[in-house]
Amino acid sequence: MTFEKFIFYVLAFVLIASASMVITRRNPVHSALFLILAFVASSGIWLLAEAEFLAITLVLVYVGAVMVLFLFVLMMLDIDVATLRAGFMKVLPLGVLMMLAMVAELVFVVGPQNFGLEKFAAPARHAADYSNTAELGSVLYTVYMFSFEIAAVILLVAIIAAIGLTMRKRPETKYQNPTEQVAVKRADRVRMVKMETEKG
Amino acid sequence: MDFFISIWEALPLGLQTLIWTLLKIVAIVAPVMLCVAYFTYAERKIIGYMQVRVGPNRVGPKGWLQPIADAVKLMFKEIVIPTSANKVLFLIAPTLVLGPALAAWAVFPFNEELVLADINAGLLYILALTSVGVYGVIIAGWASNSKYAFLGAMRSAAQIVAYEIAMGFALVGVLVAAGSLNLGDIVRAQQGGLFSWFWLPLLPLFGVYVISGVAETNRAPFDVAEGESEIVAGFHVDYSGMTFAVFFLAEYANIILISALTAVLFLGGWLSPFEGWPVLGPLFDWVPGFIWLVMKTALFGFMFLWLRATFPRYRYDQIMRLGWKVFIPITIVWIAVVGLAVVYQLPWWFD
């Protein structure tokens with residue numbers, strides 16, 4: 001077994017172990033942390049496949065940004081595990097059915113009949129100065145320009161929709177506006193009254 | 001001597017590379033750690049003088065041994081783990097902060113040929129690693145199971161995510177201008193003296209990068225994650241002894257990293273500022289590139305301390321407004337400007 005293969009099996013083991021921890025841990029924060037580990041392990045596998053741009057971007061985007069926000073929300077939420085677990089037996093048959101359907105689909109699409117060295121020849125090794133990033137960029141902005149732009153527009157719509165959802169007014173919440181507080185003038189708060197001194 | 005050489009040659013080739021790489025890593029990490037130790041000393045001295053005090057002056061001549069004394073003290077202190085804390089995560093958190101801060105040095109070019117891993121995607125690698133550092137802070141805050149620590153972690157997470165975007169966009173400007181993600185190539189693209197460095201054509205991005213760097217390292221005036229006056233010490237309030245020291249090491253290692261990166265990305269790294277100038281150029285030719293790099297890094301290190309001694313802490317909503325509503329638009333506009341300048345080969349920098 002070559003060293004590369006050894007690293008691949010270690011990473012694959014970490015990936016599968018952490019992925020199964022994601023769905024078996026009771027504590028949602030632990031699940032999220034194992035998901036991060038799974039991302040890191042799969043990024044390592046991509047590095048082995050000489051896809052350094054994708055590997056680093058996976059860490060940068062998913063580990064560095066998306067999962068931070070995920071954890072942020074998970075830690076703030078007060079999740080009641082009891083209500084989550086209630087009715088588990090009732091939905092179990094449906095869940096098993098869904099799982100079987102998904103596994104069947106996966107086997108059908110990425111099963112051994114569609115892959116293997118006889119279907120796709122092993123790609124040639126590139127020299128050390130081969131820039132994955134530059135190649136990806138030149139293909140993305142020429143051949144796949146349209147799909148790239150469409151994906152960008154869909155993301156933009158999603159951003160606008162997300163902002164639109166949070167812009168709603170909530171009259172029941174009372175919060176301070178620090179800008180207004182700082183900008184307050186004396187005349188807004190204090191009213192000088194002239195009155196006669198009372199005698200007696 | 002021959003005996004050692006024969007032992008060395010008897011080792012398998014893979015093991016030789018492994019040992020060799022490990023030695024190189026030690027050669028980078030050990031000086032960085034020493035710099036961190038004396039950076040804390042410099043901080044206390046400089047802020048001391050700025051506040052008309054003398055700073056530490058008891059241990060050793062002029063207080064030079066103070067960092068060593070501090071390190072020894074922290075090492076021998078008891079590590080207290082709160083009863084209701086999550087033990088594993090509580091202990092992993094400090095290493096998660098320190099690890100990325102040290103690992104980022106792997107792609108850092110110290111001069112023309114001195115770099116541990118000369119990879120093509122160097123800038124991306126650094127960006128990814130600095131973004132991973134936030135996990136230590138979040139996990140520390142959550143695992144401590146304390147309200148103050150948790151509030152500090154939440155503040156820090158929100159702040160780092162906000163400023164990371166501005167920082168990333170500033171780096172996009174640099175890579176468009178240099179046409180490469182390799183840090184060595186970025187420096188080589190700035191050849192030609194003080195006014196050819198990227199700080200001038202990328203001035204707005206330079207400012208955004210430096211300020212985001214201060215925010216990213218949770219330093220004053222952006223140190224709301226610690227916020228002594230309202231949340232005691234923020235995310236590391238429950239840490240003691242060596243675990244606390246590791247957080248501290250990581251913070252200072254990050255400061256040195258950000259300073260060194262600013263020098264490489266915007267101030268021409270190891271290049272001489274007088275390169276190609278009539279009289280001054282040949283006069284300073286003998287100075288090794290590494291010295292220029294250290295001087296530029298020290299300049300920004302000093303700026304971090306100067307900022308801390310000068311500015312009061314930002315208000316939280318103002319931090320968020322600065323990050324999202326001021327920096328990100330500035331960087332996006334300037335990326336477009338740089339893109340046009342590169343496409344039309346604007347003279348002096350991009351021709």
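Please read these numbers as outputs of a predicted model, since none were measured by experiment. Residue numbers begin at 1 in each chain, while the letters A, B, ... track the order of the sequences.
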Chain B contacts, top residue of V59(A), L69(A), V68(A) (heavy-atom pairs, under 4.5 Å):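 Counting heavy-atom pairs under 4.5 Å, the top option is V68(A).
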
Of the backbone (N, CA, C, O) and the side chain (C-beta and beyond), which part of [X] lies under 4.5 Å from a heavy atom of chain B, both, or neither?
X: N27(A); answer: side chain
X: I36(A); answer: side chain
X: V66(A); answer: neither

Value rounded to 0.5 Å, distance of CD1 in I138(B) from CZ in F72(A):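 Result: 8.0 Å between the selected atoms.
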
Atom pair CG/CH2 of L74(A) and W142(B) - distance to nearest 0.5 Å: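 Reported value, rounded in 0.5 Å steps: 9.5 Å.
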
Proximity breakdown for N86(B) and chain A, heavy-atom pairs closer than 4.5 Å: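 Answer is side chain: those atoms of N86(B) sit under 4.5 Å from chain A.
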
Could you list which of [range] have a heavy atom closer than 4.5 Å to any heavy atom of chain A, in residue-number order?
range: residues 319-331 of chain B; answer: none
range: residues 125-137 of chain B; answer: Y125(B), L127(B), A128(B), S131(B), V132(B), V134(B), Y135(B)
range: residues 158-172 of chain B; answer: A158(B), V161(B), E164(B)

Of all pairs that satisfy salt bridge (Lys or Arg N to Asp or Glu O under 4.0 Å), the ones with a partner from residues 37-58 of chain A, not counting sequence neighbours: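 Listed by first then second residue: E50(A)-R125(A).
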
Should the heavy atoms of other residues, nucleotides or ligands under 6.0 Å from [atom1] of [X] be counted, would the total exceed 12?
X: Y316(B); atom1: OH; result: yes
X: Y62(A); atom1: OH; result: no
X: Q176(A); atom1: CD; result: no

Exercise: identify the closest heavy-atom pair between R315(B) and T179(A):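 Closest pair (atom of R315(B), atom of T179(A), distance): NH2-N, 4.4 Å.
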
